[in-house]
Undergrad: 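The structure's right below; bear with me while I get my questions together.
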There are 2 protein chains.
Amino acid sequence: MATTETRRRADAERNIAAILDAALVLFTEEPQSSMVAIARAAGVGRVTLYAHFPSREVLLEAVLDRTIAEAGEVIRKAAPEEGSATEAFGRLLRTSWHVLNQHRKLFELAQRELGPVRLRQRHREVVDHVEGLLARGRLEGVIRSDLPMTWLVTTVYSLLHAAAEDVNTGQLKADDAADVLEATLLPALKS
Amino acid sequence: MATTETRRRADAERNIAAILDAALVLFTEEPQSSMVAIARAAGVGRVTLYAHFPSREVLLEAVLDRTIAEAGEVIRKAAPEEGSATEAFGRLLRTSWHVLNQHRKLFELAQRELGPVRLRQRHREVVDHVEGLLARGRLEGVIRSDLPMTWLVTTVYSLLHAAAEDVNTGQLKADDAADVLEATLLPALKS
DNA sequence: GTTAACTCGAACATACGTGTTCGGGTTAAG
DNA sequence: CTTAACCCGAACACGTATGTTCGAGTTAAC
């Protein structure tokens, strides 16, 4: 870890942050966004963008890394191993369902543009949190064991994504999302 | 309906079918596929493609129309109003889950490239079948009424999509998909 | 205030996708 | 067998995205 690289000037660091912010938004809501669009959204010249991120690919990877790190942080804070698995699951949904969703949309893009291989390990890092929670639920006897674990995880992520889309299109109110998700997922997952 | 247009030669008709077949596959599994790729996959020259479908947009619309017609046919045959809603639902999943999924992936693309407006009505045409089935289930008291109907429909389509993806990546066996879907959806939807 | 880091517009090279035209070669249909 | 429909490669015009280079202007840092 540590402060690798040469020390950057303050405005450079600010721009890099702005670029990553803008890129995250654009990539998730319009995956084919051009570098020009990202630069504009970040309030930065195109050349500056390329100065920090030599290629679209590098930029995507950077955004991915940053988002995964953040998501890991949020999940770790919101859903430790306290309480029953059911409680912890509800807490997870309530505090971080939109983070998990961003995460998911970004992965669809990364899978297409970076290939599945360079994704697996990083993906693991976050999925494991959900998978671990479900595994604990199985031990406690509240989560079903008649379906493969991978499918249960898929179910969670899939409905998370669906809820976010319904919120986007106005079919579902954002405030209701977590409740609706919990009401749908618990019966689907419980043993 | 009738045989509109001038009568086409047999080989032309064959090519058109091949193009629509190839386009359906490519559009659903790689939405940004180029016209060149589609022509190659159809075993047809690029010029021939443009001769039949003057633009990418027209081609997409044609594929959409054809798929919706097929899907409507399949669903109508497989899931009439016979038996209980639960039974009919199982039958629907077992006979047409992959059709419904193609349908869904194609719509994601069409929504992006054709805009949401030109889609609604055609979308309705197919979604109504699922929605109607769920509505009947509510009357029979087997489908929950505590969540919005739109969300229930979303849930069905979303998991359909997820199952197809898991089959693609090898995490789920194609033969198990319908069973797994039913085992997940019924508890999630039942009252 | 000097310097080195940084920004940014303009312009260029390159690649790829779309859609069109031309002309000769095939092939189905009568 | 004759003809009209059809196929298809080559080439062109056009647009747009990616990266790169140049040079001049700003600005943070010491």
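Proteins come first, then strands; the chains are lettered A, B, ... in the order of their sequence lines, and each starts at number 1.
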Undergrad: On DNA chain C, does the nearest nucleotide to B/A10 precede the nearest nucleotide to B/Q32 from the 5' side, or the other way round? Give the residue.
TA: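 The answer here is B/Q32.
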Undergrad: Could you check which of D/dG19, D/dC22, C/dT18 has an atom nearest any side-chain atom of A/V47?
TA: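 Ranking D/dG19, D/dC22, C/dT18 by closest atom to the A/V47 side chain puts D/dC22 first.
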Undergrad: Just the rounded figure in Å: distance from P of C/dC6 to CG of A/L49.
TA: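 That distance rounds to 15 Å.
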Undergrad: Could you state the CD-C1' distance from A/E13 to C/dT7, rounded to the nearest angstrom?
TA: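 Answer to the nearest Å: 16 Å.
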Undergrad: For the side chain of A/R8, counting heavy atoms from C-beta on, which of C/dC6, D/dC7, C/dT18 is nearest?
TA: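 Of all the options, the side chain of A/R8 is nearest to C/dC6.
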Undergrad: Any idea which of D/dC6, D/dA28, C/dG19 is nearest the A/R9 side chain?
TA: D/dA28
Undergrad: Using whole Å, what does the distance between atom P of nucleotide D/dC8 and atom CD1 of B/I16 come to?
TA: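 Taking CD1 of B/I16 and P of D/dC8, I get 13 Å after rounding.
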Undergrad: Would you call B/E113 and B/R56 a salt bridge, taking side-chain N to carboxylate O under 4.0 Å as the test?
TA: yes
Undergrad: How close or far is atom P of D/dA17 from atom CG of A/L59, stated in whole angstroms?
TA: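 Nearest whole value for this atom pair: 16 Å.
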Undergrad: Do B/H161 and B/Y157 have ring centroids that are under 6.0 Å from one another?
TA: no
Undergrad: Does the side chain of B/H52 get closer than 4.0 angstrom to OP1 or OP2 of D/dC7 through an N or O atom?
TA: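 For D/dC7, OP1/OP2 do have a side-chain N/O of B/H52 under 4.0 Å.
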Undergrad: Does OP1 or OP2 of D/dC7 have a side-chain N or O of B/N15 closer than 4.0 Å?
TA: yes
Undergrad: Looking at the side chain of B/M35, which of C/dG19, D/dT21, D/dA28 is the nearest nucleotide?
TA: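 Closest nucleotide among those given: C/dG19.
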Undergrad: Can you measure from CD1 (A/I143) to OG1 (A/T86) and round to the nearest 0.5 angstrom?
TA: 6.0 Å
Undergrad: Need to verify one output field. Residue with the more 5' nearest nucleotide on DNA chain C, A/A12 or B/D11?
TA: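 Comparing both residues, the 5'-ward one is A/A12.
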Undergrad: Between C/dA13 atom P and A/Y50 atom OH, what is the distance in whole Å?
TA: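 The answer, rounded to whole Å, is 17 Å.
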Undergrad: Show your reasoning for whether side chain to side chain contact (heavy atoms under 4.5 Å, CB included) applies to A/L160 and A/L93.
TA: CA-CA 9 Å; A/L160 226 36; A/L93 287 180; 3.9 Å; yes
Undergrad: Base, sugar-phosphate alone, or nothing: which one does B/R56 contact when heavy atoms must sit under 4.0 Å apart?
TA: sugar-phosphate
Undergrad: Looking at the side chain of B/R14, which of C/dA28, C/dG9, D/dT18 is the nearest nucleotide?
TA: C/dA28
Undergrad: Using whole Å, what does the distance between atom C1' of nucleotide D/dG9 and atom CZ of B/R40 come to?
TA: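 So the two atoms are 15 Å apart, to the nearest Å.
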Undergrad: Roughly how far, to the nearest 0.5 Å, is CG of A/L92 from CZ of A/R94?
TA: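 So the gap between those two atoms works out to 10.5 Å.
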Undergrad: Between B/R46 and B/G43, which has a closest nucleotide on DNA chain D that is more 5'?
TA: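 Counting from the 5' end, the first nearest nucleotide belongs to B/G43.
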